[in-house]
Amino acid sequence: MASTLTKPVSMPPAEAAARRRRTRVLALPEARWASLSLVLFLIALPLDLLGAPAWTWGPLFAATYVAGGWEPGREGLKALKNKTLDVDLLMVVAALGAAAIGQVLDGALLIVIFATSGALEAIATARTADSVRGLLDLAPGTATRLLADGTEENVAAEQLAVGDTIVIRPGERIGADGRVRAGASEVDQATITGEPLPVAKETGDEVFAGTLNGTGTLRVEVGRDASDSVIARIVKMVEEASETKAPTQLFIEKVEQRYSIGMVVATLAVFLVPLAFGAELTASLLRAMTFMIVASPCAVVLATMPPLLSTIANAGRHGVLVKSAVVMERLGQVDAVALDKTGTLTEGTPRVTDIRPLEGPLRDEDGLLALAAAAEHPSEHPLARAVVDAARARGLALLPAVDFRSSPGIGVTATVGGDVVTVGAPSRLLTGHQETSPAAALASELEAGGRTAVLVQVNGVAAGVLGIADRPRPDAAATAAALTKLTGTAPTLLTGDNPRAAARLAAEVGVTDVRAGLLPEDKVAVVQEWEKAGVKVLVVGDGVNDAPALAAAHVGIAMGRAGSDLALETADAVIVRDELATVPTVVALSRRARALVVQNLVIASVFITGLVVWDLVGHLPLPLGVLGHEGSTVVVGLNGLRLLRESAWKRAGADVTVQAGA
């Protein structure tokens, strides 16, 4: 078995800097203004509450209005110029109206809330752009092109043309999509297909730009332009999905136009109509400002946000990072789930699952494993590491290996205790009449079960076969069952791995719908097909190859511990601790939050309607109007904060557990 990489690959300083590039939070103007607004508000708040003179806190609140309100106000005026009225402008006007009648604190709080919301949206957008740019760094900037006279030249990867031949040496990243024309090696292409193990490549096999070559040297004929490589297509798909996926708006945003226009018209009517019938200017203005305060959607905004934000905070304490309130709302809407295989349903690390010795002296399981581990010990190949780790787990003593040799795509050979031990691929080591031997039968049996078969030979004679596979997570089966009960549909397995390995894992975790051998664009096509049919899909994955599907899905969740940077940035939520069982729990918690949002909207609507009717029909004193308005805001705010409690997470988990066992 070939060693994939025996030493770290050096990286040019420019490339290393490019890979580290990330937009700083305070580099975004929205974040700077929101931060300034919040700081000013927090300084002014205690001064106001403690009864300090107005000259101490008044300028601070005024600065809060300017810092947090000028940008949404500007955008609102732009929208107004285009004959639309958005809620941002309405909030600025309501805040100024509150200040005009002495409710400076209420208006400042409203400004801070909306400025912070805009900053969070800008940060999320910048992070996605960073991750897409970082993906391009996977493909090397230069390649070694082989000329007709046999000489070599270094050229920029984008200068390669279809039909060129490039040379990829051990440890290098492949510079273009194409086919191997000479050489043999093993290529780590997990970034593209998600396969957990390096894949043997020889003449005629396809390779992809950005994947990592092992110890062999390959000559590859370029098959696609750089702009059409798989990596480039992944970038394009992520960008398109991020741009074209219509975000699910929160309830208040769905009625934004009607509410905004209606409130403005009603406020003007409350002010102008009494004037037309001879009312005093001051009385009409006071009634209109009271109307604006009590009709202000502060309670509606708090009816929506605290439950969702509380749920986000609660989920965060339990290792689930949900990136926005919109995402938390979407989680409760999903009715189908697609799961990646490697690193999501499985641990992502190959392990020895079967030890099958053949008849012979000292050929029990421990003896066979010890010989194989001794020969593999100098290798850095993932399969070699799995064999060595299995021997160590059994406490086996390993004899020293000498004369170690590695053959890319075939295996390794070493002398252990005076015997020549060869460990490698059965298809390469068994030739001629050996193809029908007991060792070949054992290898076929293991491969049919979804394992990777590894043959062990001693002095040229087959001693046994090892089976190696990626192990499913302990909570994979329970998670699949819980998601089935939550959504009413069994999860689907989407993987770039081979069909046999996918089928074996699916059988272990209870998944019946398996789509294997998929490239990133294939996964996207499946998700888009569901979305077009009206199915709201949750995709859970961890690799670069999952990123387009994560972006195209209604909601995308990435596994955080081993997840690629692109997957983590593209996904709407991240499982920080890699606890797969938290996925159904956070979905259940989101559904609780959605139910509480509806409850709060009813409470807020009752308060607003009652106060508005009182102001229009009777005479609502301004202090009482403010008290009712603030009271409704406090009620819905506290109601939403119930989801911050630990018991809310436990109840959601209990609901999932009960349903999964039903």
Side-chain angles (χ1 to χ4, degrees), residues 1-4 6 184-186 197-202 214-216 350-469 498 500-501:
M1 231 166 291
S3 171
T4 301
T6 57
S185 185
E186 290 184 340
L197 303 175
V199 179
K201 298 292 184 180
E202 57 184 12
T215 56
R351 298 179 184 273
V352 175
T353 58
D354 301 84
I355 305 173
R356 302 287 187 88
L358 297 171
E359 293 184 3
L362 301 178
R363 297 293 181 263
D364 58 1
E365 289 189 1
D366 286 353
L368 177 66
L369 183 58
L371 278 177
E376 292 275 28
H377 190 268
S379 175
E380 293 296 330
H381 192 283
L383 293 185
R385 296 298 90 206
V387 174
V388 174
D389 289 345
R392 287 174 175 167
R394 292 192 175 208
L396 303 179
L398 303 184
L399 295 175
V402 296
D403 299 328
F404 175 82
R405 299 186 305 279
S406 174
S407 300
I410 299 176
V412 301
T413 300
T415 300
V416 180
D419 293 321
V420 178
V421 180
T422 302
V423 186
S427 60
R428 305 297 177 86
L429 298 179
L430 297 176
T431 59
H433 69 278
Q434 294 177 325
E435 294 179 357
T436 58
S437 65
L442 272 179
S444 297
E445 178 187 338
L446 292 174
E447 289 173 349
R451 278 83 164 170
T452 297
V454 176
L455 178 67
V456 182
Q457 290 181 332
V458 180
N459 298 320
V461 178
V465 182
L466 305 178
I468 300 179
N498 68 80
R500 288 184 299 189

Measuring only between side-chain heavy atoms, which start at C-beta, is [X] closer than 4.5 Å to [Y]?
X	Y	answer
L429	T422	yes
K201	S185	no
V412	E376	yes

Could you measure the distance from the OG1 atom of T452 to the CZ atom of R500? Nearest 0.5 Å is fine.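 Taking OG1 in T452 and CZ in R500, the distance rounds to 9.0 Å.
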
Rounded to the nearest 0.5 Å, what separation is found between the CG atom of L396 and the CG atom of L371?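 The CG atom of L371 is 10.5 Å from CG of L396, to the nearest 0.5 Å.
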
Could you tell me whether the side chain of [X] and the main chain of [Y] form a donor-acceptor pair under 3.5 Å?
X	Y	answer
N459	V420	yes
R385	S379	yes
T353	G467	yes

L446, L368, V456 screened by side chain to side chain contact (heavy atoms under 4.5 Å, CB included) with R356, the one that passes: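 That would be L446.
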
Name the residue from D354, L358, L466 that meets the side chain to side chain contact (heavy atoms under 4.5 Å, CB included) definition with L442.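 Option passing the side chain to side chain contact (heavy atoms under 4.5 Å, CB included) with L442: L358.
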
Indicate the atoms forming the closest heavy-atom contact of [X] with [Y], along with that distance.
X	Y	result
L398	A370	CD2-O, 3.7 Å
L399	G417	CD1-CA, 4.2 Å
A439	V465	O-CG2, 3.7 Å
V352	A386	CG2-O, 3.6 Å
I468	P350	CG2-CB, 3.7 Å
A373	V388	O-CG2, 3.7 Å

Can you name the salt bridge (Lys or Arg N to Asp or Glu O under 4.0 Å) partners of D366, sequence neighbours left out?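 Applying salt bridge (Lys or Arg N to Asp or Glu O under 4.0 Å) to D366 gives R394.
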
Please, which pairs that meet salt bridge (Lys or Arg N to Asp or Glu O under 4.0 Å) have at least one residue in residues 454-466, sequence neighbours excluded?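 The answer is none; no pair qualifies.
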
